Amino acid sequence: MPNLFTDPSDAGLSRYGWTETLDNSFAEHREAGLVPARIARVDRGLCDAVTGSGPVRAALTALYSPDPLLAPCTGDWAALRRGREPELVALLPRHSAIVRSSASRTSHGQVLAANIDTVVLAVSLATALDAARLERLLALAWESGARPLIVLTKADLAADADAVHAEASELAPGVDILVTSVTTGQNIDVLTALLSGTTVLLGSSGAGKSSLGNALLGDELLAIGEVRAQDGKGRHTTVRRELVPLPGGGVLIDTPGLRGISLYDAADGLEQVFAEIERLARDCRFGDCAHDTEPGCAVQAAIQAGKLTERRLNSYRKLQRENAWAASRTDARLRGERTNQQKAITSHLRATYKFRDQQS
């Protein structure tokens with residue numbers, strides 16, 4: 001098979017997701033003497049990255065941004081300047097990204113992982129299914145541009161795995177759902193066959209993400225911890241996002257357990273998650289129907305007919321409000337930044353005019 005890459009050394013990156021398209025788009029950076037690298041882990045201004053010639057520890061100073069959305073993260077492709085002190089100097093455009101509202105509750109978004117193809121949502125069968133939480137995770141996954149896949153873990157501890165599978169199917173139409181057990185090996189081979197490209201593991205602490213990741217990797221590479229018996233929750237044994245190659249090809253990104261799942265600009269993701277409500281709403285008599293007491297409301301008619309639950313509608317409303325609030329905060333921040341920029345320009349002009357007056 002002919003080498004499709006401009007620099008033959010970059011061919012080693014193909015197992016990490018490097019493609020001919022990426023290679024072509026890197027031409028300008030290559031002419032500047034830079035080499036491609038993929039970020040495997042970010043750690044306090046430094047990162048571990050992989051290149052065609054092997055791993056490297058590099059500085060991120062040149063990529064600093066006050067906006068977390070623009071900050072380098074695990075999964076990013078970047079341009080690396082080699083030397084005694086290697087440094088990443090530019091990020092390549094992302095084709096997908098998992099974004100949530102930042103943990104600080106500011107108006108900024110936070111990228112959890114970039115350039116991913118499949119989002120595995122790990123949900124433990126050892127505890128009752130949290131429908132609202134699963135809907136949030138699904139919105140996050142759909143909005144990313146990647147394919148969501150629900151993996152029900154710990155089937156060996158389940159009271160009724162089939163019932164949970166049926167419940168999850170109603171919450172996630174069109175999404176593949178797989179029942180697994182790391183202890184018994186149930187469907188681990190099926191899951192392995194379903195994954196390609198870059199896969200990210202998302203879920204709550206104690207959902208079995210790291211154990212699942214180790215089963216896919218075929219080795220105990222990811223730290224796992226004990227789970228509290230009373231609520232099925234675990235400690236954050238994964239403390240930062242990390243990218244590792246899978247034995248059969250592709251790469252895996254493990255993430256810390258998510259306690260907070262705040263949406264950020266996830267309108268398209270919500271439309272996917274609540275597709276049945278979106279379809280029903282098109283048949284409402286009024287275009288601005290609030291699906292409450294309006295006459296001719298198709299959504300309320302579906303609830304009365306038992307085709308839609310009140311809980312599902314309430315969850316839809318809650319997430320829509322939250323997403324709208326996040327969007328308004330972002331708009332307000334951007335307006336504030338533009339105002340501050342204008343003030344700075346005005347102040348600079350005034351100082352310039354004052355200086356000119358003094359010289360005349």
Side-chain angles (χ1 to χ4, degrees), residues 13 16-19 22 25-26 29 34 36-51 55-81 86-121 137 139-148 197-203 209-210 213 222 236 238-245 250-266 269 326 330:
L13 282 176
Y16 289 91
W18 190 249
T19 63
L22 284 169
S25 68
F26 198 78
H29 295 302
L34 307 175
R38 192 167 196 191
I39 297 177
R41 184 173 66 177
V42 175
D43 181 19
R44 297 180 182 178
L46 296 172
C47 77
D48 293 326
V50 290
T51 69
V56 64
R57 185 77 166 164
L60 298 172
T61 308
L63 297 179
Y64 169 78
S65 171
D67 188 343
L69 274 180
L70 303 178
C73 74
T74 301
D76 267 326
W77 287 102
L80 173 75
R81 179 182 292 122
E87 183 178 23
L88 296 185
V89 296
L91 293 182
L92 275 63
R94 297 161 175 160
H95 71 75
S96 62
I98 298 176
V99 182
R100 67 169 177 179
S101 285
S102 61
S104 62
R105 305 295 266 173
T106 66
S107 57
H108 291 285
Q110 176 191 18
V111 183
L112 300 181
N115 300 309
I116 35 97
D117 301 295
T118 304
V119 182
V120 169
L121 304 178
L137 284 170
L140 216 64
W142 278 122
E143 188 66 33
S144 73
R147 173 181 67 105
T198 299
T199 299
V200 63
L201 294 175
L202 291 184
K209 292 187 297 79
S210 296
L222 306 177
H236 287 280
T238 302
V239 295
R240 57 178 62 88
R241 291 167 285 281
E242 185 170 5
L243 179 149
V244 288
V251 293
L252 181 72
I253 298 177
D254 188 25
T255 65
L258 296 178
R259 287 198 178 100
I261 313 170
S262 300
L263 301 184
Y264 180 88
D265 194 16
T330 300

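Worth saying up front: this structure is predicted, and the values here are computed from it rather than measured.
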**Request:** Would you please test D48 and R38 for salt bridge (charged side-chain N to carboxylate O under 4.0 Å, His left out) and show each step?
**Result:** CA-CA 9 Å; D48 293 326; R38 192 167 196 191; over 6 Å; no
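Here the side chain of E143 pairs no donor or acceptor atom with the backbone of V99 at under 3.5 angstrom. The main-chain N or O of I116 is found under 3.5 Å from a side-chain atom of S96 such that the two form a donor-acceptor pair. When atom types are taken as modelled, the side chain of S101 and the backbone of L263 share a donor-acceptor pair closer than 3.5 angstrom.
Applying the side-chain contact (heavy atoms from CB on, under 4.5 Å) criterion to T118, with sequence neighbours excluded, gives V120, R147, L149, L195, T199. The side-chain contact (heavy atoms from CB on, under 4.5 Å) search around R94 returns C73, D76, L91, A97, V111, A114, N115, not counting sequence neighbours. For A71, there are no side-chain contact (heavy atoms from CB on, under 4.5 Å) partners, not counting sequence neighbours. When the side-chain contact (heavy atoms from CB on, under 4.5 Å) test is applied to A58, the partners found at least two apart in sequence or on another chain are C47, L80, P86, L88. Residues forming a ring pair (Phe, Tyr, Trp, His ring centres under 6.0 Å) with W142 (at least two apart in sequence, or on another chain): none. D117 meets the side-chain hydrogen bond (donor to acceptor under 3.5 Å, both in side chains) test with no other residue; sequence neighbours excluded.
Looking at every heavy atom in both residues, G109 comes nearest to Y264 through N-CE1, 3.4 Å. Heavy-atom minimum distance, T74 versus A40: CG2-O, 3.4 Å. The two residues G75 and L243 have their closest heavy-atom pair at CA-CD1, 4.1 Å. Nearest heavy atoms, W77 versus L22: NE1-CD1, 3.7 Å. Of all the heavy atoms in P256 and R241, the pair that sits closest is CD-CG, 3.8 Å. Pairing each heavy atom of L46 with each of A59, the nearest pair is CD2-CA, 3.6 Å.
Salt-bridge check for D254 with K209: passed, with a basic side-chain N closer than 4.0 Å to an acidic carboxylate O.
When the options L112, I253, V200 are evaluated for a side-chain contact (heavy atoms from CB on, under 4.5 Å) with V119, the one that passes is V200.
Atom CG of residue L70 and atom CG of residue D67 lie 4.5 Å apart, to the nearest 0.5 angstrom.
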